[in-house]
Participant: 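Just passing along the structure, written as structure tokens.
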Amino acid sequence: MTAPRPGSAVPITLRSALVLAAASVAGLLMLLWPLIFSPAAGETRVDQPFIFMALMPVVVLVVIAELSEGGLDSKALAMLGVLSAINAAVRPLGAGVAGVEPIFFLLILGGRVFGAGFGFVLGATSLFASALLTSGVGPWLPFQMLCAAWVGMGAGLLPRRPTGRSEIAMLAVYTVVAAFAYGLLMNLSSWPFTLGIAIPGAEDSLAMVPGDPVLDNLQRFLVFTLLTSFWGWDLGRAITNVLLVVFLGPAVLTTLRRAARRARYLSKESA
């Protein structure tokens with residue numbers, strides 16, 4: 001038995017790859033801004049340039065438009081709409097409860113089957129739709145969209161050779177890595193501006209110190225993450241989605257690949 005020949009519902013051209021890379025670099029700079037820049041003379045903190053925060057949604061939309069230009073046909077658009085709607089509907093079922101976020105399960109499988117470009121767009125649209133549904137629109141949303149887009153894109157870039165149980169094992173490992181990486185990046189977007197931590201006597205040691213060496217601030221950040229989200233939100237996100245991948249993944253992958261074959265994104269060969 002052979003694995004399905006790889007295909008993509010949203011092909012990535014050289015130009016769109018360059019736009020995607022530029023947007024990713026811009027997003028990383030926004031996340032790392034307080035760590036890599038020192039405060040000006042007479043200032044005690046480094047604020048993110050809010051004009052960049054305003055432009056971040058525009059950057060994400062430009063990338064989506066670039067990826068879909070000439071490559072997002074009606075079938076791919078319909079599949080994107082269905083998967084985004086499902087993700088938006090299931091996210092409120094677990095949001096706010098110990099990191100139970102089943103949205104990443106379908107995001108990862110969708111990226112795996114339909115390719116990296118589709119995974120990127122699915123991640124961004126899923127978080128945007130769920131934010132509208134749950135009134136979760138705020139300055140954090142562009143970062144959520146971009147980080148989720150990276151998760152979906154990464155799933156589409158995984159090796160195509162593994163099939164069957166080895167594929168599920170690979171996806172489970174990726175799910176764990178993606179769950180903790182997403183939490184780490186989202187913490188980094190808010191940690192420099194978090195005032196006060198509910199840990200007696202630890203506030204000063206965990207706060208970012210503008211102008212301190214990057215390694216010192218990173219050490220504080222890692223301790224902050226371990227004490228505030230690693231054992232709760234991030235671990236809960238990882239466990240929930242790994243269980244979904246292991247127990248429901250084979251059936252969902254079969255369904256998505258059947259849809260991909262009908263849309264001619266995959267060959268008729270099946271695992």
Side-chain angles (χ1 to χ4, degrees), residues 9-10 23 27 30-31 53-65 67-68 72 74-114 116-156 175 178-190 229 232-245 248-249 251-252 255-256 259:
V10 183
M30 282 299 304
L31 292 168
M53 294 187 69
L55 289 176
M56 184 56 64
V58 178
V59 171
V60 175
L61 291 176
V62 167
V63 174
I64 293 176
L67 287 175
S68 60
L72 190 61
S74 59
K75 294 179 181 179
L77 185 61
M79 181 59 65
L80 177 65
V82 169
L83 295 182
S84 297
I86 293 174
N87 271 340
V90 301
R91 193 183 185 202
L93 300 178
V97 182
V100 178
E101 292 181 293
I103 186 174
F104 291 93
F105 159 68
L106 196 56
L107 170 58
I108 289 172
L109 297 189
R112 171 66 176 170
V113 172
F114 294 101
F118 185 91
F120 185 95
V121 178
L122 178 60
T125 55
S126 294
L127 268 293
F128 181 73
S130 66
L132 294 180
L133 186 64
T134 60
S135 300
V137 177
W140 54 84
L141 179 58
F143 294 105
Q144 290 180 332
M145 292 173 60
L146 188 60
C147 291
W150 285 336
V151 171
M153 181 180 68
T175 298
F180 284 106
Y182 178 87
L184 194 73
L185 291 174
M186 289 309 302
N187 281 346
L188 190 57
S189 70
S190 61
S229 70
W233 290 94
D234 300 340
L235 184 61
R237 183 186 302 113
I239 292 175
T240 300
N241 288 280
V242 164
L243 290 177
L244 290 173
V245 166
L248 299 182
V252 174
T255 301
L256 292 178

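Keep in mind that what you see is a predicted model, and the values were worked out from it rather than measured.
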Participant: Can any side-chain N or O of S130 pair as donor or acceptor with the backbone N or O of L127 at less than 3.5 Å?
Facilitator: yes
Participant: F128: which residues meet the side chain to side chain contact (heavy atoms under 4.5 Å, CB included) condition with it, sequence neighbours left out?
Facilitator: L132, L141, M145
Participant: Working to the nearest 0.5 angstrom, can you tell me the gap between F118 CZ and L107 CG?
Facilitator: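 It comes to 10.0 Å.
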Participant: How long is the gap from CG on L256 to CE on M79, to the nearest 0.5 Å?
Facilitator: 6.5 Å
Participant: Applying side chain to side chain donor-acceptor pair (under 3.5 Å), can you list everything that pairs with T175, at least two apart in sequence or on another chain?
Facilitator: none
Participant: A179 and R237: which non-hydrogen atoms are nearest, and at how many Å?
Facilitator: O-NH1, 2.9 Å
Participant: Considering the options N87, I86, V151, which one meets the side chain to side chain contact (heavy atoms under 4.5 Å, CB included) requirement together with S126?
Facilitator: N87
Participant: Is the shortest side-chain heavy-atom distance between L146 and F143 below 4.5 Å?
Facilitator: no
Participant: What is the distance from atom CG of L83 to atom CD1 of I103, rounded to the nearest 0.5 Å?
Facilitator: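 One gets 11.0 Å once the value is rounded to the nearest 0.5 Å.
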Participant: Ignoring hydrogens and angles, write down the donor-acceptor pairs under 3.5 Å from the side chains of residues 180-188, residues two or more places apart or on other chains.
Facilitator:
unit_1: N187; atom_1: ND2; unit_2: G183; atom_2: O; d: 3.4
unit_1: N187; atom_1: ND2; unit_2: S229; atom_2: OG; d: 2.7

Participant: Report yes if some heavy atom in the side chain of V113 is under 4.5 Å from a heavy atom in the side chain of L109; otherwise report no.
Facilitator: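 No. Closest side-chain heavy atoms not under 4.5 Å.
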Participant: With a 4.5 Å heavy-atom cut-off, do V252 and F105 have their side chains touching?
Facilitator: yes
Participant: If you compare all heavy atoms of S84 against all heavy atoms of A129, which two are closest, and at what distance to 0.1 Å?
Facilitator: O-CB, 4.5 Å
